[in-house]
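Everything on this sheet refers to the single structure shown next.
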Number of protein chains: 2
Amino acid sequence: MVKRTSLAGDACPIARALDVFGDWWSLLIIRDASLGRRRFSEFQASLGLAKNILATRLRALVERGILKTVPASDGSAYQEYVLTPKGRGIFPILVALRQWSEEFDEHPDEIATILVDRENGKPVKKLALYSRDGRVLHAADTALKPRPATKRARRVVP
Amino acid sequence: MVKRTSLAGDACPIARALDVFGDWWSLLIIRDASLGRRRFSEFQASLGLAKNILATRLRALVERGILKTVPASDGSAYQEYVLTPKGRGIFPILVALRQWSEEFDEHPDEIATILVDRENGKPVKKLALYSRDGRVLHAADTALKPRPATKRARRVVP
DNA sequence: TTGTGTGGTTGCATTATTAAACCAGATACC
DNA sequence: GGTATCTGGTTTAATAATGCAACCACACAA
């Protein structure tokens with residue numbers, strides 16, 4: 001069996017996230033969903049991917065709890081795909097990706113849009129990582145520690 | 001020619017970022033590099049991917065300015081791969097992915113590590129998006145605006 | 001100088017992606 | 001009511017990417 005590697009059982013949370021939506025199209029579907037696109041045909045027109053791939057991805061994202069299907073909002077018998085809370089939780093990742101391109105892309109003039117505060121139309125701040133006591137942390141200021149054991153795990157009587 | 005779709009010319013900065021390191025292995029290589037792994041064999045042992053795939057990915061990441069090769073730090077004639085500033089800029093994306101898994105993974109007990117402040121060993125804060133004036137912004141509080149035209153573009157004399 | 005480790009490349013089998021054709025049910029049109 | 005068209009897919013066949021194992025050149029160690 002020479003299947004594509006799965007990262008599902010990995011202990012690294014980054015790998016685990018990639019296992020859920022780390023393929024070529026899933027994040028773009030999620031981006032579209034967070035922009036308000038809901039219908040199969042909307043995704044297909046926006047992304048220009050083959051319909052069978054879109055169908056596969058939508059099914060996987062629904063299975064994994066990122067999207068859910070709801071009855072169409074226009075009263076027709078069709079269904080729509082909307083983000084679950086778990087799916088909306090991906091928003092910071094999309095913002096981080098966007099800000100990386102804004103900072104490091106070689107042709108930033110080709111970027112069409114900027115992310116702004118809806119209240120006043122001003123660009124948002126750059127994401128930053130903070131310590132408990134409010135200092136900005138860079139990669140070198142951080143470390144990985146083993147996760148403390150969960151208290152809730154109840155021991156089975158032998 | 002039925003090639004895999006490229007997102008390089010896309011106007012969306014998220015798509016542009018995914019075009020650079022959005023494939024199955026690149027982000028994991030970058031994660032490893034940011035943990036201090038530098039040698040081909042270290043990446044291969046850590047990730048367990050085929051050597052030809054690793055070679056292809058490393059070459060692509062070097063071409064795209066995420067990694068650069070340097071002489072081995074132990075004085076041998078081999079080379080090592082280290083992150084460029086552009087590569088280190090991916091750190092917030094890794095953090096966002098990690099935090100998403102910490103919050104939404106169905107088996108969080110399988111996550112082995114937590115990210116802490118090196119100063120005091122305490123867990124870092126959750127990434128949050130802020131407005132210019134310091135309010136926390138969620139997806140619904142934001143909007144996309146067309147990017148203002150760049151002033152620096154000089155007109156060619158006709 | 002013989003042996004071993006590093007850092008790949010090559011070849012082949014398997015899997016994933018793609019485009020295009022097809023299709024059933026829902027909707028719109030007359 | 002009957003026909004045409006739209007929506008949301010599935011199926012098929014070709015091409016590209018991935019995975020594994022074998023191989024290989026060079027560095028290094030004994």
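Labels below follow one simple rule: chain letters A, B, ... track the order of the sequence lines, proteins then strands, and each chain is numbered from 1.
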Contact summary for A:I29 and A:F43, nearest pair of heavy atoms:
O-CE2, 3.7 Å
Could you state the atom-to-atom distance from CD1 of A:I29 to P of D:dG8 in whole Å?
14 Å
Is B:W24 close enough to C:dT17 that one of its side-chain N or O atoms is under 4.0 Å from OP1 or OP2 there?
no
Quick one: do B:R98 and B:E103 make a salt bridge, cutoff under 4.0 Å?
no
Whether B:Y81 contacts C:dT6 is assessed here as follows: a side-chain N or O lying under 4.0 Å from the phosphate OP1 or OP2. Is that the case?
no
Quick check: does any side chain N or O of A:S101 sit under 3.5 Å from a backbone N or O of B:P13, one acting as donor and the other as acceptor?
yes
Cationic N near anionic O, under 4.0 Å, B:K122 to B:D117:
no
Whole-Å distance separating the CH2 atom of B:W25 from the C1' atom of D:dC20
13 Å
For nucleotides 28-30 of chain D, tabulate all protein N/O to nucleotide N/O atom pairs closer than 3.5 Å, reporting atom names and distance.
unit_1	atom_1	unit_2	atom_2	d
D:dC28	OP1	B:A77	N	2.5

Using a strict 4.0 Å threshold on nitrogen-to-oxygen distance, state whether A:D32 and A:R38 make a salt bridge.
no
Within the distance-only criterion (no hydrogens, no angle test), does the side chain of A:Q44 pair as donor or acceptor with the backbone N or O of A:L54 below 3.5 angstrom?
no
Interface residues of residues 37-62 of chain A with DNA chain C (non-hydrogen, below 4.0 angstrom)
A:A50, A:N52, A:I53, A:R57
Any carboxylate oxygen within less than 4.0 angstrom of a Lys/Arg side-chain nitrogen, looking at B:K125 and A:D133?
no
Judged by modelled atom types alone, do B:E80 and B:T69 share a side-chain donor-acceptor pair under 3.5 Å?
no
